[in-house]
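Taking it in order: structure first as structure tokens, then the write-up.
The figures that follow rest on heavy atoms only: side chains count, while hydrogens, waters and symmetry mates do not.
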Amino acid sequence: MRVRFAPSPTGYLHIGNARTALFNWLFARKMGGTFILRIEDTDLARSTDEYAEGILSDLAWLKLAWNEGPDIGGDRGPYKQSLRQKIYDKYLDELKGKGLAYPCFCQPDELEARRKAAMEKGTAPRYDNRCRALTQKEIAQKAAQGVKPSWRFKVPERTIVVDDVIRGKVEFDTRQLGDFVIMKSDGVPTFHFAVSVDDTLMEITHVIRGEDHLSNTPRHILLFESLGFTPPRFAHLPMILGPDGERLSKRHGAASVSEFRKLGYLPEALNNYLALLGWAPEGDKEILSMDELVAQFSLEKVNRSASTFDYAKLKWVSENYIRNEDLGRIALLALPYLREAGLIEGELTEEEMERVRSVVKLVRPYLACMADVAEHARPLLAETAAASAGDLASISGAAQLLQLLAVDLEKVADIRDVDWKKFFGDLAKASGLKGKALYRPIRIAITGQEHGPELLDVIPVLGKERCIARVRDAILKITEKI
RNA sequence: GACCCCAUCGUCUAGCCCGGUCCAGGACAUCGCCCUUUCACGGCGACGACGCGGGUUCAAAUCCCGCUGGGGUCGCCA
């Protein structure tokens with residue numbers, strides 16, 4: 001079995017396309033098939049190499065490895081449509097020879113005007129096939145004037161049945177279709193034409209794509225058959241909508257893989273969430289590894305109805321991964337964000353890295369994505385606590401308490417080897433404070449925050465010197481205030 | 001507008017194909033309680049849905065028809 005993901009490099013990898021890529025990949029892996037990547041850059045005006053590279057990069061980041069593609073080649077290449085021009089020319093000639101393609105001299109502005117007029121009149125805004133009736137003489141005339149024609153496919157009147165893996169048999173009456181352009185006037189094939197030729201030549205067995213292509217499929221089937229090709233199987237995936245029911249776009253928030261990538265979502269988390277859109281695993285377990293996804297995946301079980309992208313649920317999936325993934329890996333992923341926030345600098349020594357790990361260990365339960373790490377790690381990594389002395393000054397006895405604490409901390413030999421229960425028990429006795437009255441001022445002095453990870457865990461991570469410094473600093477601020 | 005697809009809690013979904021086991025199960029979100037020196041995590045619980053109308057049937061979320069609603073296509077974009 002051979003499937004393909006065929007993005008056009010006219011933008012970043014959209015979340016909907018990423019889901020399509022994922023389902024193709026899952027299907028290929030599940031069936032022991034081949035996953036092919038093909039770049040559809042027939043839109044010369046909008047396609048760029050930068051976008052193509054970005055898409056490849058994002059797919060690689062998602063760990064959706066392809067077996068054949070523009071970068072790695074393969075037996076059925078090239079895998080970039082702009083490199084396949086000769087092939088399309090050849091098949092256009094074939095259609096011309098069969099009398100199934102004819103030149104159209106209508107200009108874009110004319111077509112646009114007619115389309116608009118038809119819309120206003122309430123009739124179908126499709127091409128009226130007028131150039132089909134052109135005589136050889138007229139054609140020669142136009143050509144002599146130097147008008148470059150586009151080439152349209154002569155659509156026969158008949159019924160076409162798309163036997164969709166997900167939707168079952170869907171019937172179309174081709175009389176709804178106008179003769180459509182297969183080769184643009186600049187000599188570049190349109191999507192419909194290139195796709196049909198390439199899917200055949202690349203021996204694609206299953207075309208898994210978005211539902212927006214379902215209505216295009218009869219065109220493709222027509223082309224396949226006219227060229228003497230056997231159409232592949234089709235599976236049209238439901239759309240992904242934004243919270244307002246419109247197609248998901250930037251308006252709704254992050255809508256491209258690169259955005260989630262920048263925010264520090266784990267690729268597995270994004271895949272896991274995407275897999276849950278339009279498909280459901282058996283049983284109650286929703287956090288699934290890529291392997292588990294592959295093991296459970298089935299095209300037949302894909303939903304027919306569109307789903308709404310739920311940022312809240314993605315967040316939940318992401319949190320799960322951040323909390324449960326290997327700590328070393330999470331710490332590594334935290335590095336760029338910590339660096340950007342100025343909390344670490346340069347290459348880290350093993351000792352510094354160890355410290356980052358222990359900090360990340362404490363703050364990971366708070367993270368929805370890795371970009372959140374700086375905010376939570378700051379109190380634990382920054383030189384000073386940035387304590388709000390105002391808060392402490394209003395707590396009676398805070399200065400005395402901190403004084404006692406500083407003295408006790410000084411006496412500590414190894415901060416990683418302290419019986420904190422006893423330590424704070426003694427402090428409670430000495431200060432006459434307990435519970436919240438005891439811990440709150442200490443937390444504020446040491447972390448500058450009202451909330452955060454277990455204080456008893458924070459202190460050893462911070463280290464003796466830093467704790468003492470922060471406590472003394474807090475005392476100073478209080479006394480100055482008074 | 002024409003054609004095509006779709007329709008279960010606010011959201012993602014299970015169930016629908018092979019009607020009774022479903023006064024509809026799970027997850028996210030929300031709310032509450034518990035755990036706890038705080039917040040977060042975690043545990044427990046609550047709230048909450050078969051779009052509407054007709055059929056068929058002893059029986060319909062499940063089958064059929066219509067309506068309504070949403071989405072898609074109708075490009076020399078893909």
**Asked** If we take the C1' atom in both B/G48 and B/C9, what is their distance in whole Å?
**Response** 5 Å
**Asked** Is there a donor-acceptor contact under 3.5 Å from the side chain of A/Ser318 to the main chain of A/Ala368?
**Response** yes
**Prompt:** Taking a pair as Watson-Crick or G-U wobble with both distances under 3.5 Å, which nucleotide is matched to B/C50?
**Reply:** none
**Request:** Pick base, sugar-phosphate or nothing for A/Tyr366, based on heavy-atom distances below 4.0 Å to the nucleic acid.
**Result:** base
**Message:** Categorize A/Ala124 for me: base, sugar-phosphate, or nothing, with a 4.0 angstrom heavy-atom threshold over every strand shown.
**Reply:** base
**Prompt:** Picking from A/Phe309, A/Tyr311, A/Trp279, A/Phe260, what satisfies ring pair (Phe, Tyr, Trp, His ring centres under 6.0 Å) with A/Tyr273?
**Reply:** A/Phe309
**C1' atoms of B/A59 and B/A78, separation to the nearest Å** = 50 Å
**Request:** May I have the step-by-step check of side-chain hydrogen bond (donor to acceptor under 3.5 Å, both in side chains) for A/Asp198 and A/Tyr88, ending in yes or no?
**Result:** CA-CA 9 Å; A/Asp198 288 350; A/Tyr88 308 125; 2.6 Å; yes
**Fill in**
By nearest-nucleotide position on RNA chain B, the 5'-leaning member of A/Glu171 and A/His213 is A/Glu171
**Complete:** Per nearest nucleotide of RNA chain B, the residue lying toward the 5' end, A/Asp173 or A/Arg115, is A/Asp173
**Asked** Which part of the nucleic acid does A/Leu455 contact within heavy-atom distance under 4.0 Å: base, sugar-phosphate only, or nothing?
**Response** base
**Message:** Does A/His236 reach a base, just sugar-phosphate, or nothing at all? Heavy atoms under 4.0 Å.
**Reply:** nothing
**Message:** Does any part of the side chain of A/Ser305, heavy atoms only, come nearer than 4.5 Å to the side chain of A/Pro238, both counted from C-beta?
**Reply:** no
**Prompt:** If we call it a pair only when both distances are under 3.5 Å in a Watson-Crick or G-U wobble match, what pairs with B/U37?
**Reply:** none
**Asked** Does NZ or CZ of A/Arg19 lie under 6.0 Å from the centre of the six-membered ring of A/Phe23, at an angle within 45° of the ring axis?
**Response** yes
**Message:** Main chain of A/Ser82, side chain of A/Asp41: is a donor-acceptor contact present, judged purely on distance under 3.5 Å?
**Reply:** yes
**Item:** Gap in Å between the two P atoms, one belonging to B/G51 and one to B/C35, rounded
**Value:** 42 Å
**Asked** When rounded to the nearest Å, what value does the distance between P atoms of B/A49 and B/C12 take?
**Response** 16 Å
**Prompt:** P atom, B/C23 versus B/U62: distance in rounded Å?
**Reply:** 14 Å
**Request:** For a ring pair (Phe, Tyr, Trp, His ring centres under 6.0 Å) with A/His220, tell me which candidate from A/Phe191, A/Phe229, A/Phe172, A/Phe153 qualifies.
**Result:** A/Phe191
**Asked** Using a cut-off of 4.0 Å on non-hydrogen atoms, how would the nucleic acid contact of A/Leu456 be classed: base, sugar-phosphate, or nothing?
**Response** base
**Prompt:** Among A/Ile36, A/Asn24, A/Leu59, which one satisfies side-chain contact (heavy atoms from CB on, under 4.5 Å) with A/Trp66?
**Reply:** A/Leu59
**Prompt:** Looking only at atom P, what distance separates B/C63 and B/C18, rounded to whole Å?
**Reply:** 9 Å
**Request:** With sequence neighbours excluded, give me every ring-ring contact (aromatic ring centres under 6.0 Å, His included) pair touching residues 100-126 of chain A.
**Result:** none
**Message:** Students often get this wrong, so: under 4.0 angstrom with heavy atoms, is A/Asn303 touching a base, only sugar-phosphate, or nothing?
**Reply:** sugar-phosphate
**Request:** Indicate, with a heavy-atom threshold strictly under 4.0 Å, whether A/Arg364 touches base, sugar-phosphate, or nothing.
**Result:** nothing
**Prompt:** Applying a 3.5 Å limit to both distances, which nucleotide forms a Watson-Crick or G-U wobble pair with B/U68?
**Reply:** B/A7
**Request:** May I ask you to say what A/Glu112 touches in the nucleic acid, namely base, sugar-phosphate or nothing, with a heavy-atom cut-off under 4.0 Å?
**Result:** nothing
**Message:** Distance check, C1' atoms only: B/C77 and B/C67, in whole angstrom units.
**Reply:** 35 Å
**Asked** When all nucleic acid strands are considered with a 4.0 Å heavy-atom cut-off, which category describes A/Glu454: base, sugar-phosphate, or nothing?
**Response** base
**Request:** May I ask you to say what A/Glu286 touches in the nucleic acid, namely base, sugar-phosphate or nothing, with a heavy-atom cut-off under 4.0 Å?
**Result:** base
**Message:** What contact category does A/Ser185 fall into here, base, sugar-phosphate, or nothing, at under 4.0 angstrom with non-hydrogen atoms?
**Reply:** base
**Prompt:** Taking any atom under 4.0 angstrom from a heavy atom of chain A, which nucleotides of RNA chain B are the first and last to qualify, 5' to 3'?
**Reply:** B/G1 to B/A78
**Prompt:** What is the nucleic acid contact for A/Arg443, judged by heavy atoms within less than 4.0 Å: base, sugar-phosphate only, or nothing?
**Reply:** base
**Prompt:** A/Tyr127 near the nucleic acid: base, sugar-phosphate alone, or nothing, with a heavy-atom cut-off under 4.0 Å?
**Reply:** sugar-phosphate
**Rounded P spacing from B/G53 to B/C58 in Å** = 22 Å
**Asked** Hey, does A/Gly278 reach any base, or is it just sugar-phosphate, or nothing, if we go heavy atoms under 4.0 Å?
**Response** sugar-phosphate
**Asked** For B/G1, which nucleotide is its Watson-Crick or G-U wobble mate, given both distances must be under 3.5 Å?
**Response** B/C74
**Assigned partner base of B/U21, Watson-Crick or wobble definition, under 3.5 Å** = none
